[in-house]
Novice: 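Below is the structure I would like to discuss, written out as structure tokens.
Computed from a predicted structure; not experimentally measured. Convention: sequence-line order gives letters A, B, ...; per-chain numbering from 1. Computation of the quantities below employed the complete heavy-atom set of this structure, encompassing side-chain atoms and omitting hydrogens, waters and symmetry-equivalent molecules.
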There are 2 protein chains.
Amino acid sequence: MDAMLLPANRSCPIARTLGVLGQKWNLLLLREAFLGRTKYAEFLRIGVPTATLGARLQDLVDAGLLTRHAYQEKGERARDEYLLTQAGRDAMPILAALIGWGETHLPPVTAYAMTTGDGRPVRLAFVDDTGTVVDADAVAIAKKPEGAATPG
Amino acid sequence: MDAMLLPANRSCPIARTLGVLGQKWNLLLLREAFLGRTKYAEFLRIGVPTATLGARLQDLVDAGLLTRHAYQEKGERARDEYLLTQAGRDAMPILAALIGWGETHLPPVTAYAMTTGDGRPVRLAFVDDTGTVVDADAVAIAKKPEGAATPG
DNA sequence: CATCTGACTTCAAATAATGAAGTTAGCGGT
DNA sequence: ACCGCTAACTTCATTATTTGAAGTCAGATG
């Protein structure tokens, strides 16, 4: 992730976010965190190599998505577990969007459900400032004028 | 993207989607497509190396997110342009989610705006089945029982 | 104090991305 | 028809990233 942050992409929040989350395994680690996993050994189970896991967990901590938190189980030595921060929790729409696309366009597997705390299913949608749902095909992404962006 | 599709991730729509969109540059190419770019030379301007661009464009076509469409400008030879398919357009929430996270957690740059056709700003939100907006922090991702998932 | 286990590091090998240098095809002019 | 020009790709050797195996380290157990 370097050429992706050339001048043309420097000011793009997509490119900048991918600089953090676009690394291989990061989004899958975040998925595990949302599923309640916190320990190194638990993250390992998804198939990430140890050499990679250490580095990615560190990246995620550095980027503020996870925090290390000491814990100790009875009869075990103290260890660190990895907990989602607010910034990490704020990444849920990214996972939700990936799930949504995958379930629509890469059938036939549907292994995840998104629900409220009381079990009602939810989906990701675009809403306008009145809270009204807007059809995704009616939404456009546009560059803002950004007059203040100086190359220095 | 191979170890990411181990048994533990095979049935995960996140991992499967990342198999297509997780490649370096793909999401940025999609961003350009949403901004209206269609030509090879236009995509090149974001800084992707030519050697990579050909491969990624092919991937995106193979995955059904873009289609090749012949066009010819006056006095120019016929060429192919790359147009978003419905599957490609359906990826907009992914970009929207990345933008949303980046604008919140990687200030101070804000270069994109999401709007409806008539210019009203929109944002991504979780809604329940009645169309009511639900706070993202109240949403949980859970594995479905997936009793019916057969390995064939 | 030797042994065991979980959590990491280190390192060489495999894989993927990159930049430079081709290659190909059609247009415009002659 | 031939030549040069340009856009759109390929190919290839270099460089960066990921990987698996093996090693390190700290504390609990015996």
Novice: Rounded to whole angstrom units, what separation is found between the CG atom of B:L28 and the P atom of C:dT18?
Specialist: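 Checked: the CG to P distance equals 11 Å.
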Novice: Given D:dC9, C:dG19, D:dA26, which nucleotide is nearest the side-chain atoms of A:R77?
Specialist: D:dA26
Novice: Look at A:T52 and D:dT18 and indicate whether a side-chain polar atom (N or O) is within less than 4.0 Å of OP1 or OP2.
Specialist: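 No, outside the criterion.
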Novice: Taking 4.0 Å as the cut-off, does a side-chain nitrogen or oxygen of A:R56 come that near to OP1 or OP2 on D:dT18?
Specialist: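 So the side chain of A:R56 is within the cut-off, an N or O lying under 4.0 Å from OP1 or OP2 of D:dT18.
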Novice: Find the distance B:L5:CG to D:dT19:P and express it as a whole number of Å.
Specialist: 12 Å
Novice: Which part of the nucleic acid, if any, lies within reach of B:R68 when heavy atoms closer than 4.0 Å are counted: base, sugar-phosphate only, or nothing?
Specialist: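 Nothing, no nucleic acid heavy atom in range.
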Novice: So does A:K24 get a side-chain nitrogen or oxygen closer than 4.0 Å to the phosphate oxygens (OP1/OP2) of D:dT19?
Specialist: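 Affirmative; the distance criterion is met.
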Novice: Testing the basics here: between B:L29 and B:R56, what is the closest heavy-atom pair and its distance to 0.1 Å?
Specialist: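 Minimum heavy-atom separation between B:L29 and B:R56: CD1-CB, 3.6 Å.
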Novice: From CD of B:Q23 over to P of C:dA16, roughly how many Å is that when rounded to an integer?
Specialist: 8 Å
Novice: A:L29 CG to D:dT18 P: how many Å, rounded?
Specialist: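 Going from A:L29 (CG) to D:dT18 (P), I get 12 Å.
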Novice: Does C:dG6 have OP1 or OP2 under 4.0 Å away from a side-chain N or O of A:Y71?
Specialist: no
Novice: Verify whether one side chain among B:D80 and B:H69 offers a donor that lies under 3.5 Å from an acceptor in the other.
Specialist: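 Looking only at side-chain atoms, B:H69 and B:D80 do not form any donor-acceptor pair under 3.5 Å.
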Novice: Identify which one of A:E42, A:K39, A:R68, A:R37 satisfies the side chain to side chain donor-acceptor pair (under 3.5 Å) criterion when paired with A:Y82.
Specialist: A:R68
Novice: C:dT9 base to A:T50 side chain: any donor-acceptor pair below 3.5 Å?
Specialist: yes
Novice: Assess, by modelled atom type and distance only, whether the side chains of B:N26 and B:R31 contain a donor and an acceptor separated by less than 3.5 Å.
Specialist: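 Per modelled atom types, B:N26 and B:R31 side chains form no pair under 3.5 Å.
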Novice: Tell me: CG of A:D80 to C1' of C:dA7, nearest whole Å?
Specialist: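 It is 10 Å, rounded to the nearest whole Å.
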Novice: With respect to the phosphate group of D:dT6, does any side-chain polar atom (N or O) of B:Y40 fall under 4.0 Å of OP1 or OP2?
Specialist: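 Negative; the distance criterion is not met.
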Novice: Indicate the atoms forming the closest heavy-atom contact of B:F43 with B:A33, along with that distance.
Specialist: CE2-N, 4.0 Å
Novice: Just call it for B:F43: base, sugar-phosphate, or nothing, with non-hydrogen atoms closer than 4.0 Å on any strand.
Specialist: nothing
Novice: Toward the 5' end of DNA chain D, which comes first, A:A78 or A:G47, by nearest nucleotide?
Specialist: A:G47
Novice: Atom CD1 of A:I46 to atom P of D:dT19: distance rounded to whole Å?
Specialist: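 My rounded result for the distance is 11 Å.
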Novice: Between A:W25 and B:K39, which is nearer to the 5' end of DNA chain D once each is assigned its nearest nucleotide?
Specialist: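 By nearest-heavy-atom nucleotide position, the 5'-most residue is B:K39.
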Novice: If you look at every strand shown and take non-hydrogen atoms under 4.0 Å, does B:A51 touch a base, only sugar-phosphate, or nothing?
Specialist: base
Novice: Quick one: B:N26 CG to C:dA16 C1', roughly how many Å, whole number?
Specialist: 13 Å
Novice: For A:L57 and C:dC8, what is the distance between atoms CG and C1' respectively, to the nearest whole Å?
Specialist: 10 Å
